[in-house]
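Order of the sequence lines fixes the chain letters, A, B, ..., with proteins taken first and strands second; residue numbering starts at 1 for each chain.
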Number of protein chains: 2
Amino acid sequence: MRRDGYPSDPELIFLTDGASKGVTHLLNILIRNENDGVLCPIPQYPLYSATIQLVGGTLVPYYLSEEAGWGLDVKEMRSQVLEARKKGITVRGLVFINPGNPTGQCLSEANLRELIQFCYEEHIVLLADEVYQQNIYQDERPFISAKKVLMDMGPPYSNNVELASFHTVSKGYWGECGQRGAYFELTNMHPKTVDELYKVASIALSPNVPGQIFVGLMVNPPKPGDISYPKFAEESKAILDSLRRRAHMMTDGFNSCRNVTCNFTEGAMYSFPKIKLPAAAIAAAKRAGKAPDVFYCLKLLEATGISTVPGSGFGQKEGTFHVRTTILPSEDDIPEVMRMFKTFNEDFMAQYEGPQSRL
Amino acid sequence: MRRDGYPSDPELIFLTDGASKGVTHLLNILIRNENDGVLCPIPQYPLYSATIQLVGGTLVPYYLSEEAGWGLDVKEMRSQVLEARKKGITVRGLVFINPGNPTGQCLSEANLRELIQFCYEEHIVLLADEVYQQNIYQDERPFISAKKVLMDMGPPYSNNVELASFHTVSKGYWGECGQRGAYFELTNMHPKTVDELYKVASIALSPNVPGQIFVGLMVNPPKPGDISYPKFAEESKAILDSLRRRAHMMTDGFNSCRNVTCNFTEGAMYSFPKIKLPAAAIAAAKRAGKAPDVFYCLKLLEATGISTVPGSGFGQKEGTFHVRTTILPSEDDIPEVMRMFKTFNEDFMAQYEGPQSRL
Ligand SMILES: Cc1ncc(COP(=O)(O)O)c(C=O)c1O
Ligand SMILES: Cc1ncc(COP(=O)(O)O)c(C=O)c1O
């Protein structure tokens, strides 16, 4: 593959109507009953929790480390596997999202190596959700695919660890999520598993043709020398540059707010600030019969019209509260959006905590 | 709805990426474990057998009656339900395909009434696969929807029997199966079931936008007075008229062949002739390690290039053998196709049965 410098076998690439469908196929194959577990990050895009429940398996959570820029903590994973085993659950798969939704982190090569080592030792199939691989907003940590890291590691990893990698036209500078087109690529997958996947994928005889055309365009963009190349290069660069500026405006905006801290959006398209809610706000939420972060998001919506998703929709460490926003508002609107957010947050904190001492 | 003369509630219509996906949602909801059964016709489009297996339920077969033009035999269904119950299986759903695939039959109103009566008595949810509702090639038995029959029956049926009806842009004179667009409509479905369906459908956040546009065009075709109406009326009539002629050519062709009998393709787009295979052919198939109908279809393919699907792919009564073809070859080609088939079949029968006595 052009991206990784390693060849791909077309027989091991499956075209699907969106990455969601590919994920469903894989989880369907991986999970036999409720004693089969799949490690999933918390916080997490809830496709995974919902699908694991639907196919009747058990989600085994591992917490991302907010302090380490939402990195993967292999020690945490290992202890969760042991914990699960005590309950009679066999962990057969591990999902990671890189760049992350809702967390926006880009994983380092060292972190990915640790992860692969862990999956090798524990005989765990790796599901690499890399749908945001083109949405990168910094240069220190470029996207690096699990496949490339795995191949670079050489044997016994490169010829043993079973990996499924997902990509889609829903993201990137395309952002065409209404066009259902995606693929997954299998590496080291047992031939019997591949046969089963082929069977499951064949139940739906008819593919989504326009979606497949989009996938073709995505993996074969215009090349230097092509008539459309200058326009393509200009447009895609403009989109990505603008998203990069927006990522900075959002993160800086959040970090300037009282009781709000936010890791930088290194990739994907989300900002996931932590909101330190005062005890009085938590009590008020309880009286209103709402989770504290839901309470905060609803107040924000009512006061400003800004719609966000409470962190509890993705899972978060007990006692912490988050808000997920996208960095997608138009660049011109973001300063005003952040000003409104800041005013709301200040009023909210003042109401439940009193005036800010630092003021 | 314009089609049935009964209103529809948009809240009870779900847009899906193809009817297959809607069927999967319904079966997912209906089936809790392997003790839940769903009655399915034999022969049958294998979407149902595959999906029931995938979601972990049990298929309870009911045989269509070839002698009665592939009609539904409610006595047969009743005895299958009793049989299943003895094995501890609760029959929760019943699938029927009208017009039929692979059988091409159109069900009569009387037959549909019997079916609804039966589902009412047995508390069975009815899944009406009506994807071929626009593919009708005779005037005696026009398509009539399960919803219309149900509503016409009045209480206690019309307000009790739970029904899901499927339609898609894959069929009709559109035939756009590469555009994933379909819907299902729920009637009398328990509100909790509707909520569950809504949840399952929401896991895939992004709909297939072009497919939905196609669905819109399908249910709202040009009307008299619209600029595009004359062209639309002319084209759709030409397609359907041609298919009707093809249905006759095919059925007549098959019925003129030795040891071949074929019900008329009243609707859908398939011909499903029964082939009486000589004992010597069955023995030869056995020696070759193949099912007898597979053996016949492979010989046909080798001799003529005509590709058909053996009846065993759809299920058939023990000891009978069928071949499924579509009526979709271009009208000009069909006489030659049927001539080649006839020659092959005559040679095949002569080889395994000796020269035809009637000749
Ligand atoms: C992390 C992640 N994975 C998968 C998907 C699903 O993508 P698709 O639209 O291709 O099904 C999304 C969409 O939001 C996502 O955020
Ligand atoms: C009887 C029947 N039901 C459902 C389908 C699936 O249709 P769709 O392409 O909309 O998923 C087909 C397609 O061949 C069919 O024959």
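- In terms of non-hydrogen atom pairs under 4.5 Å with chain B, the most contact-rich of V200(A), L54(A), V55(A) is L54(A).
- Interface remark: of the candidates P210(B), G178(B), P46(B), G56(B), G178(B) forms the most heavy-atom pairs closer than 4.5 Å to chain A.
- In this view, A84(B) and V60(B), I89(B), V91(B) satisfy the side-chain contact (heavy atoms from CB on, under 4.5 Å) rule, not counting sequence neighbours.
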Could you list every donor-acceptor pair linking chain B to chain A (distance under 3.5 Å, backbone and side chains)?
{"unit_1": "G178(B)", "atom_1": "O", "unit_2": "V209(A)", "atom_2": "N", "d": "2.9"}
{"unit_1": "R180(B)", "atom_1": "NE", "unit_2": "S206(A)", "atom_2": "O", "d": "3.3"}
{"unit_1": "S206(B)", "atom_1": "O", "unit_2": "R180(A)", "atom_2": "NE", "d": "3.3"}
{"unit_1": "V209(B)", "atom_1": "N", "unit_2": "G178(A)", "atom_2": "O", "d": "2.8"}

